[in-house]
Protein chains: 2
Amino acid sequence: MSARHTKITDDDCPVREVLNRVGDKWSILVVAVLRDGSMRFSDLRRSVDGISQRMLTLTLRGLERDGLVTRTVTPTTPPRVDYALTRLGRSLLDPIMALAEWAEKNRPAILSARWRFDEADRPRANPSPPGGKSARGARGA
Amino acid sequence: MSARHTKITDDDCPVREVLNRVGDKWSILVVAVLRDGSMRFSDLRRSVDGISQRMLTLTLRGLERDGLVTRTVTPTTPPRVDYALTRLGRSLLDPIMALAEWAEKNRPAILSARWRFDEADRPRANPSPPGGKSARGARGA
DNA sequence: AGCAGACATGGAGGTGCCTTCTTGCGCAGG
DNA sequence: CCTGCGCAAGAAGGCACCTCCATGTCTGCT
């Protein structure tokens, strides 16, 4: 993260920089779908489940703007627009896949941690148990 | 991405799963700061530039819930609360760093792509130039 | 007694992302 | 002639996240 010093800022962190551009709801999905090659708008729309036409347009625009995908119009009728990853876009897939692997590998650990955490608070919803200090559980400081 | 098939869903994609938990504004920053070891709440607050007390609390709660950080209360006076990455949290650092490296390496390419894109639309803000088709630029389909 | 230092929580308000609906265009085909 | 397909863009509304401000607790200092 490069900040060996005392502070980290929002834009000091390169990761946040990426996430600010590609961390939205759909960009990663679109990039993932385009992994296997070029695809036209309507097929993209079908491949990314649940995306609306508008959001697909906007997402693609953002990706195109940052040089991650190319847009190619074939003026047939009806017009055909193909999108494909650029080299830059493909290179993004590496760190993305690393993240995906991490996620799949650690999903069980996360889920069980979450379960434990949620269970720990439900029984004693009381903010201050009569017993004593409790170094974990009720978090009144 | 695992979806060789025709569709990708929001929760089919492990990456989105991670981002839904840790893709918010502060989590990554907090994890990054905790990289070098345990830190108490107030120091964390000072280290993550711009974060409010409330958001730091909420962010840490989320990370704790998912088993990425531990919370340790030392009941001195005034009370002292230390946060540290768990093994799981540290393991997340690897893919995160990969992303950071990608970001730093490709920032120039992205910025110049963006600049080019923005320049290409400013001159002819006209939605339909009288000339003709224009396979790139004005995007009326 | 009163205040400050360390941590957590609550409410009110803003802003931006996302969703849905609607409009536009250009041409082929019934 | 009117309707359909494929793509894009606009307006309006909802919701989740984030921000600021205020309150609460416990103890030791002045």
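Please read all numbers here as calculations on a predicted model, not as lab measurements.
Spacing between atom CZ of B:Arg46 and atom C1' of C:dG5 amounts to 11 Å, rounded to whole angstrom units. For the pair A:Leu44 CG and D:dG6 P, the computed distance is 14 Å after rounding to whole Å. As rounded to whole Å, 12 Å separates atom P of C:dT19 from atom CG of A:Asp49. Look at CD on A:Glu64: it is 15 Å from P on D:dC7, rounded to the nearest Å. Separating the CZ atom of B:Arg61 from the C1' atom of C:dC7 is a distance of 12 Å, rounded to the nearest angstrom. One can place CG of A:Leu56 at 16 Å from C1' of C:dC17, the figure rounded to the nearest angstrom. For the pair B:Tyr83 OH and C:dA6 P, the interatomic distance rounds to 15 Å; values are reported in whole Å. Remark: P of C:dA28 and CZ of A:Arg80 are 17 Å apart, rounded to the nearest angstrom.
For A:Gly23 and B:Arg40, each mapped to the nucleotide of DNA chain C holding its nearest heavy atom, the one lying further toward the 5' end belongs to B:Arg40. Of the residues near DNA chain C, B:Asp82 and A:Pro78, the one whose nearest nucleotide (by heavy atom distance) lies more toward the 5' end is B:Asp82.
Residues forming a salt bridge (charged side-chain N to carboxylate O under 4.0 Å, His left out) with A:Arg21 (at least two apart in sequence, or on another chain): none. Shown here are the salt bridge (charged side-chain N to carboxylate O under 4.0 Å, His left out) partners of A:Arg54, two or more places apart in sequence or in another chain: there are none. In this structure, the side-chain contact (heavy atoms from CB on, under 4.5 Å) partners of B:Gln53, at least two apart in sequence or on a different chain, are B:Phe41, B:Arg45.
The shortest distance between the side-chain N/O atoms of A:Thr77 and the OP1/OP2 oxygens of C:dG26 is not below 4.0 Å. Side-chain N/O atoms of A:Ser42 include one lying less than 4.0 angstrom from OP1 or OP2 on D:dC7. Here A:Arg45 does not reach the OP1 or OP2 of D:dG6: none of its side-chain N or O atoms lies under 4.0 Å away.
Comparing D:dA9, D:dC18, C:dC7 against the side chain of B:Asp24 picks out D:dC18 as the nearest.
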Check the interface with nucleotides 19-22 of chain D: list each N/O to N/O pair with the protein under 3.5 Å, or write none.
from: D:dT19; atom 1: OP1; to: B:Lys25; atom 2: NZ; distance (Å): 2.8
from: D:dT19; atom 1: OP2; to: B:Trp26; atom 2: NE1; distance (Å): 3.0

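Separating the CG atom in B:Leu60 from the CE atom in B:Met55 is a distance of 10.5 Å, to the nearest 0.5 Å.
Residue pairs meeting the side chain to side chain donor-acceptor pair (under 3.5 Å) criterion with at least one partner in residues 84-99 of chain B, sequence neighbours excluded, are A:Trp102-B:Ser91.
As judged by a 4.0 angstrom heavy-atom cut-off over every strand, B:Thr57 is placed among the base-contacting residues.
Of all heavy-atom pairs spanning A:Pro14 and B:Ala100, the tightest one is CB-O, 3.8 Å.
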Determine all donor-acceptor pairs shorter than 3.5 Å in which one atom belongs to a side chain in residues 73-81 of chain A; sequence neighbours excluded.
from: A:Thr76; atom 1: OG1; to: A:Pro78; atom 2: O; distance (Å): 3.0
from: A:Arg80; atom 1: NE; to: A:Asp82; atom 2: OD2; distance (Å): 2.8

